[in-house]
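In what follows, a structure is listed as structure tokens, so that the remarks can point back to it.
Everything numeric in this text was worked out from a predicted model, so none of it was measured.
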Amino acid sequence: MRAILILVASALLLGLVTGEVNHALSAWQLHVFAGGLAVTFAGLHFPRGAGLTVALLAGLLADATSPVAFGTQAMLYGAAFLFVNQIRDRVPTDLAWPRVLVALAANFGIFLALSLLRSRVFPSAGPAWWRLLCDLLCSQALIALIGPWFLELQGQALQLVRFEPARRR
């Protein structure tokens, strides 16, 4: 239970950090999204039940501050967790760059799904998709930059409660 709370608290920290980055980038009308980082560690190291709990709670936290229907991001975080959890046997988790690649893939999927769900709200599709492409590139750059730090932060925080990662199948 403490391990779940630690990862949910780290997802809250991630939301606060990205909120501050978004505030700083608002002068250039850019927005970053880092939801893929919130599910990557749980997907790679937690058993399915506990990890899905982390993903759903992190998604609900993200939903609380987003202009989407409540539960949308929770559903997408849960789906991303299940994807990461399914491929975790093929990912070397002792290196940083494969974990960051998984986070980039999860973030791309969640970002694309959120964009498609919100596309019916846009007045014209042309300019909106260019802006979304710029936001996606900035988001992926942010994950590539802070991903190793954030995933290591989660690992170190879980060592405080003596968390044992789920065994590989």
Side-chain angles (χ1 to χ4, degrees), residues 3-4 6-22 25 30-48 50-119 129 131-158 165-166:
I4 291 172
I6 285 175
L7 285 190
V8 171
S10 68
L12 180 61
L13 174 68
L14 179 66
L16 294 172
V17 168
T18 56
E20 290 298 318
V21 171
N22 284 330
L25 291 175
L30 290 173
H31 178 267
V32 293
F33 176 78
L37 276 176
V39 298
T40 300
F41 193 91
L44 292 175
H45 298 289
F46 272 53
R48 187 163 283 151
L52 191 56
T53 302
V54 168
L56 293 175
L57 289 174
L60 289 174
L61 282 173
D63 277 331
T65 61
S66 297
V68 294
F70 195 70
T72 302
Q73 290 188 67
M75 176 192 65
L76 294 174
Y77 280 32
F81 163 79
L82 291 173
F83 168 74
V84 172
N85 193 259
Q86 191 66 31
I87 66 165
R88 75 176 175 186
D89 292 336
R90 297 173 194 90
V91 177
T93 57
D94 54 337
L95 299 172
W97 66 268
R99 296 184 300 166
V100 172
L101 287 177
V102 170
L104 287 167
N107 197 65
F108 178 78
I110 296 170
F111 186 93
L112 184 65
L114 277 172
S115 299
L116 290 174
L117 288 172
R118 297 283 297 159
S119 66
W129 287 108
R131 176 171 178 222
L132 287 174
L133 180 63
C134 290
D135 288 349
L136 175 64
L137 291 175
C138 290
S139 299
Q140 299 296 73
L142 177 74
I143 287 182
L145 183 65
I146 70 166
W149 166 80
F150 185 74
L151 294 170
E152 189 62 28
L153 172 77
Q154 288 179 313
Q156 293 295 318
L158 288 171

If we only count heavy atoms from C-beta on, is the [X] to [Y] side-chain gap below 4.5 Å?
X    : Y    : answer
L158 : F41  : yes
L112 : F108 : yes
V68  : L117 : no
L61  : L57  : no

What distance do [X] atom [atom1] and [Y] atom [atom2] have between them, rounded to the nearest 0.5 Å?
X    : Y   : atom1 : atom2 : result
L12  : T65 : CG    : OG1   : 9.5 Å
Q73  : L60 : CD    : CG    : 9.5 Å
N85  : L52 : CG    : CG    : 9.0 Å
L114 : S66 : CG    : OG    : 7.5 Å
F150 : T40 : CZ    : OG1   : 9.0 Å
F46  : I4  : CZ    : CD1   : 6.5 Å

*May I ask you to decide if the ring planes of F111 and F33 are parallel, tilted or perpendicular, using 30° and 60° as cut-offs?*
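F111 and F33: tilted rings.
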Give the minimum heavy-atom separation between [X] and [Y], together with the two atoms involved.
X    : Y    : answer
D63  : G71  : OD2-N, 2.8 Å
R88  : G43  : CD-O, 3.4 Å
A113 : L76  : CB-CD2, 3.6 Å
L37  : G147 : CD2-CA, 3.8 Å
A34  : I143 : CA-CD1, 4.0 Å
A55  : V39  : CB-CG1, 3.9 Å

Using modelled atom types and a 3.5 Å cut-off, is there a donor and acceptor pairing between side-chain atoms of [X] and backbone atoms of [Y]?
X    : Y   : answer
S10  : L7  : yes
R99  : V91 : no
N107 : G35 : yes

*Of the options V32, V21, L133, which is the one that meets C138 in a side-chain contact (heavy atoms from CB on, under 4.5 Å)?*
V32
